[in-house]
Structures are given as C-alpha cells and as structure tokens.
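We number each residue from 1, following the sequence as shown.
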Amino acid sequence: MTVPHVYSLSGKRVWVAGHRGMVGSAIVDRLRSEDCEILTAGRDEVDLRRQAEVEAWMAKTRPHAVFVAAARVGGIMANNTRPAEFIYDNLAIEANIVDASWRNGVEKLLFLGSSCIYPRLAPQPMTEDVLLTGPLEPTNQWYAVAKIAGIKLCQAYRRQYGCDFILAMPTNLYGYRDNYDLTSSHVAPAMIAKVHAAKLAGAPSVEVWGSGAPKREFLFAADAADAMVFLMRHYSGEEHVNVGTGTEVTIRELAETVCRVIGYQGRLAFDSSKPDGAPRKLLDVGRLADMGWVAQTGLEEGLRLAYDWYLAHETPR
Ligand code: GDP
C-alpha cells in the first residue's frame, strides 16, 4: 500500500520531550535512522511543569517537530494513591509544551495519550469515537482526565490557530528502560521483576495482584515508537488514532507467559486485596491498519527482549 507522505522529518530539528522514559527513549532510538537532528532536554535543564522554563528552552532551540512523550506515568497503584501528581503534572506538562509549540511556530507535534482515556465499560474493541461516552475507570481517572484535556488542547490549537498537532493513543506498553519499581510500575515489568526474584529465591509461588481475569493489550515500546514516527509522517487530522496490536490476553496469561520466558515453574498466587482496574482495554486499531501500519513484535518475543534488557541493566530487587 502506498501511504501519502504529509510531513518530512528530513533536515528537521525534532524535540523528543520525555526522552529518558521508555517511550521517549524508544522514539529517540527510532529517529536515529531518520535524517533529522534530535533535541532532548534533561530534567536538570528544563522542568516541563514550569511554563517559563519550557518557553525559554523552546525559544532557544526552535524545534520544527515535537513528540510529547513526557508524562507522569505509573501503574494501577501509583495512579490510585498519588492522584494529585498524576493530574497536575500531566496537565502542566501538556499545556506548557503545546502552547509554547504554537508560540514558536512548531510545524508538527504529536501528543501521546493512553487507552485509559476511554470509558471503563466501553464496547470492545474500543474505536476512537467511544471517547467521552461513559464514566472512566476510577483507579486511573486522574491520569485519564489529564490526557483527555491534552487531546482537546491539541484539537483546540488546530481549530483556532491551524496547528498541525496530532494525537496518538497507545495501549499498555512495555519494553526497554521500563520502570521496575514495584510500587509504581505497570504489570508487565512488575511480573518480570517478581518472577525473576521468585526464580532466584527458589520461591514456590509468585504474587499477582487482583484476580488475573482482567484483559489487557500489550504493545512493545519500540513498535509504538515506530507507529509514532509513522503517524508524524503520514497523518494529519484532528481525530486521535489508536495504537496497539488489536489482541488481548488475561493478566493470568501474561503472568504465565512471563514465567515461561524466565523459566520459572512455581505457582501464581492471586492477591484479591489488590484492585483489578478496568475489566478490558482492547483497542480497535483499524484506522491505523488502514493507513498501513501494524505491530511487528509478538508478546512472548517482546517479553524476552524486555527481560534481556532487565537482566543487563537492572539490579533485581
Ligand atoms: P492498568 O492497565 O491501568 O490497570 O495498569 P497496570 O499495568 O498497573 O495493571 C494491569 C492489571 O494487572 C491490573 O488488573 C493489576 O491489578 C494487574 N497486576 C497484577 N500484578 C500486578 C503487579 O504486580 N503490578 C501491577 N502494576 N499490576 C499488576
């Protein structure tokens, strides 16, 4: 399929906001094969929650294109117990970057949202247009509301000022440089860290939060980064675009896959005192597939790659 080219990154200064995070660093890795200059701002240099700092940095560096991969992120427990940080930091980061991008004549901006923007009980798989059709999942509503505001922000700047700001909504991601701190991590890195520790300790079982019944869709972060660059080049529109694999597994199946990858034979012990969160969060990825992009890395393969990274870079807790 030939996909129309709407924006060229060639010769451009491209700012990846949030380059130290899992997604931002994957976007930086992906951009290395493009003919562009990659800009990054260290946390010591620019606090993205401070408007004046963002404005000064952008006025100095004048990026042509921006990937907004900076966000306060975390798993179900972090979201549920640190609501102020999740709503305030995300609102501030997106408002500062989007407004400064308009003021500095940024040609193209891609804002990353999340599949948790959709209603808790939305029909599955979720098409883009189920946004704001029902109540949110309470455990991550703070983050979701901030990300929904980010969508509306970009759409407003597109309508009022004609900015080519686009929106990608990725599903649950995992990959290199993930967060393995069990108090704030998502389930995939948490299972890698816990199963690895159980194997080393010779433990008879490994703890899995909740019932194991919720279903999630997992996309390898390098694939997500490839989709972001694809959208940057080939998409220009107001509507947000889902980014995922279109397939889901139960949390039990995810845990079993991690056990297989790591070679652990113990039992799974489900802790029902911990929340399940949304029952399902499967994205309909038809729009992106119609444009010509599909995910390449299967779950087991991606988990093997993530585990290899974990072994090489993380001290097991
Ligand atoms: P969510 O997609 O926003 O719910 O985020 P998570 O990735 O944190 O959690 C997904 C599901 O995995 C939830 O049902 C969790 O209860 C479950 N889960 C099982 N064990 C763990 C764990 O050790 N850490 C996390 N974060 N979630 C876990």
Side-chain angles (χ1 to χ4, degrees), residues 4-9 12-18 23-24 27 36 39 41 46-72 86-119 126-134 136 141-170 227-243 287-288 291:
H5 206 86
V6 296
Y7 185 74
S8 172
L9 290 166
K12 300 292 169 66
R13 284 188 301 279
V14 183
W15 178 26
V16 181
V23 187
I27 294 173
C36 64
L39 305 176
V46 187
D47 182 339
L48 298 173
R49 294 166 301 182
R50 302 282 167 259
Q51 186 181 36
E53 293 186 28
V54 175
E55 283 180 349
W57 193 82
M58 280 195 95
K60 186 176 78 180
T61 54
R62 307 286 299 191
H64 297 102
V66 177
F67 287 89
V68 188
R72 165 75 59 195
F86 277 81
I87 194 160
Y88 177 80
D89 289 0
N90 287 310
L91 287 171
I93 290 167
E94 66 205 24
N96 293 340
I97 297 178
V98 167
D99 187 69
S101 293
W102 165 59
R103 289 180 190 283
N104 286 282
V106 164
E107 297 168 351
K108 186 133 195 177
L109 174 147
L110 181 143
F111 175 74
L112 272 98
S114 159
S115 60
C116 70
I117 57 164
Y118 295 122
M126 300 182 289
T127 47
E128 284 84 355
D129 59 9
V130 299
L131 181 64
L132 293 173
T133 56
L136 296 167
Q141 58 181 314
W142 321 100
Y143 179 77
V145 163
K147 286 295 182 184
I148 294 169
I151 294 176
K152 296 296 172 192
L153 193 64
C154 290
Q155 291 175 339
Y157 276 66
R158 170 178 287 274
R159 283 198 192 178
Q160 189 173 344
Y161 305 129
C163 300
D164 192 359
F165 293 175
I166 60 168
L167 303 152
M169 299 302 124
M228 301 308 147
V229 173
F230 177 89
L231 287 169
M232 188 66 124
R233 297 162 98 175
H234 300 293
Y235 179 70
S236 174
E238 181 177 299
E239 185 74 18
H240 56 283
V241 181
N242 289 342
V243 178
R287 286 193 77 200
L288 187 56
M291 289 181 223

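- Under the 4.5 Å side-chain criterion, counting only non-hydrogen atoms from C-beta, Trp102 is in contact with Asp99.
- Using bins of under 30°, 30° to 60° and over 60° for the plane-to-plane angle, the ring pair Phe230/His234 lands in the tilted bin.
- Contact detail for Met126 and Tyr118: the closest heavy-atom pair is SD-CB, 3.5 Å.
- Put simply, the side chain of Gln141 never gets that close to the backbone of Leu136: no donor and acceptor are under 3.5 Å apart.
- With contacts defined as side-chain heavy-atom distances shorter than 4.5 Å, the pair Val14/His64 does not qualify.
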Does the side-chain contact (heavy atoms from CB on, under 4.5 Å) test come out yes or no for Trp142 and Arg72, once each step is laid out? CA-CA 11 Å; Trp142 321 100; Arg72 165 75 59 195; over 6 Å; no

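- Contact record, Glu55 with Ala100: CG-CB, 4.2 Å, taken as the closest heavy-atom pair.
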Can you list the steps and then say if Leu109 with Cys154 is a side-chain contact (heavy atoms from CB on, under 4.5 Å)? CA-CA 9 Å; Leu109 174 147; Cys154 290; 4.0 Å; yes

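- Using a 4.5 Å heavy-atom threshold, the side chains of Val66 and Met58 count as touching.
- Although no hydrogens or angles enter the test, the distance criterion places no donor-acceptor pair under 3.5 Å between the side chain of Glu238 and the main chain of Gln155.
- With a 4.5 Å cut-off on side-chain heavy atoms, Ile166 and Arg158 count as touching.
- One distance of note links CZ of Arg159 with NZ of Lys152; it measures 7.5 Å at 0.5 Å rounding.
- Distance alone, capped at 3.5 Å, is enough to place a donor-acceptor pair between the Lys108 side chain and the Met232 backbone.
- Using the six-membered ring where Trp is involved, Phe86 and Tyr143 have ring planes that are perpendicular, over 60° apart on the 30 and 60° scheme.
- Minimum heavy-atom separation, Leu9 to Ala65: CD2-CB, 4.3 Å.
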Are Arg287 and Asn242 close enough, and set up right, to give a side chain to side chain donor-acceptor pair (under 3.5 Å), and what steps lead you there? CA-CA 7 Å; Arg287 286 193 77 200; Asn242 289 342; over 6 Å; no

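- No donor-acceptor pair closer than 3.5 Å links the side chain of Asn104 to the backbone N or O of Val106.
- Atom OG of residue Ser8 and atom CZ of residue Arg233 lie 7.0 Å apart, to the nearest 0.5 angstrom.
- Each of Trp15, Phe111, Phe165 was scored for a side-chain contact (heavy atoms from CB on, under 4.5 Å) with Val68, with one residue passing: Phe111.
- Here the straight-line distance linking atom CG of Leu231 with atom NE2 of His240 works out to 12.5 Å at 0.5 Å rounding.
- Here the closest non-hydrogen pair linking Ala144 and Cys116 is CB-O, 3.3 Å.
- Shown here for Ile117 and Ser114, the closest heavy-atom pair between the two residues is CG1-O, 3.1 Å.
- Looking only at atom types and distance, the side chain of Asn96 has no donor-acceptor partner in the side chain of Arg50 under 3.5 Å away.
- Rounded to the nearest 0.5 Å, atoms CG (Leu110) and CD1 (Ile27) are 7.0 Å apart.
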Begin from the C-alpha positions of Met291 and Val241 and carry the test side-chain contact (heavy atoms from CB on, under 4.5 Å) through to its verdict. CA-CA 10 Å; Met291 289 181 223; Val241 181; 3.9 Å; yes

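- The line from CG of Leu131 to CG of Leu167 is 10.0 Å long, rounded to the nearest 0.5 Å.
- Taking CG of Leu48 as the reference point, atom CD of Glu53 lies at 8.5 Å (rounded to 0.5 Å).
- With a 4.5 Å cut-off on side-chain heavy atoms, Tyr7 and Asp164 do not count as touching.
- In this structure, the side chain of Arg13 does not engage the main chain of Leu39 through any donor-acceptor pair within 3.5 Å.
- Lys147 and Ala71 get closest at one heavy-atom pair: NZ-CB, 3.8 Å.
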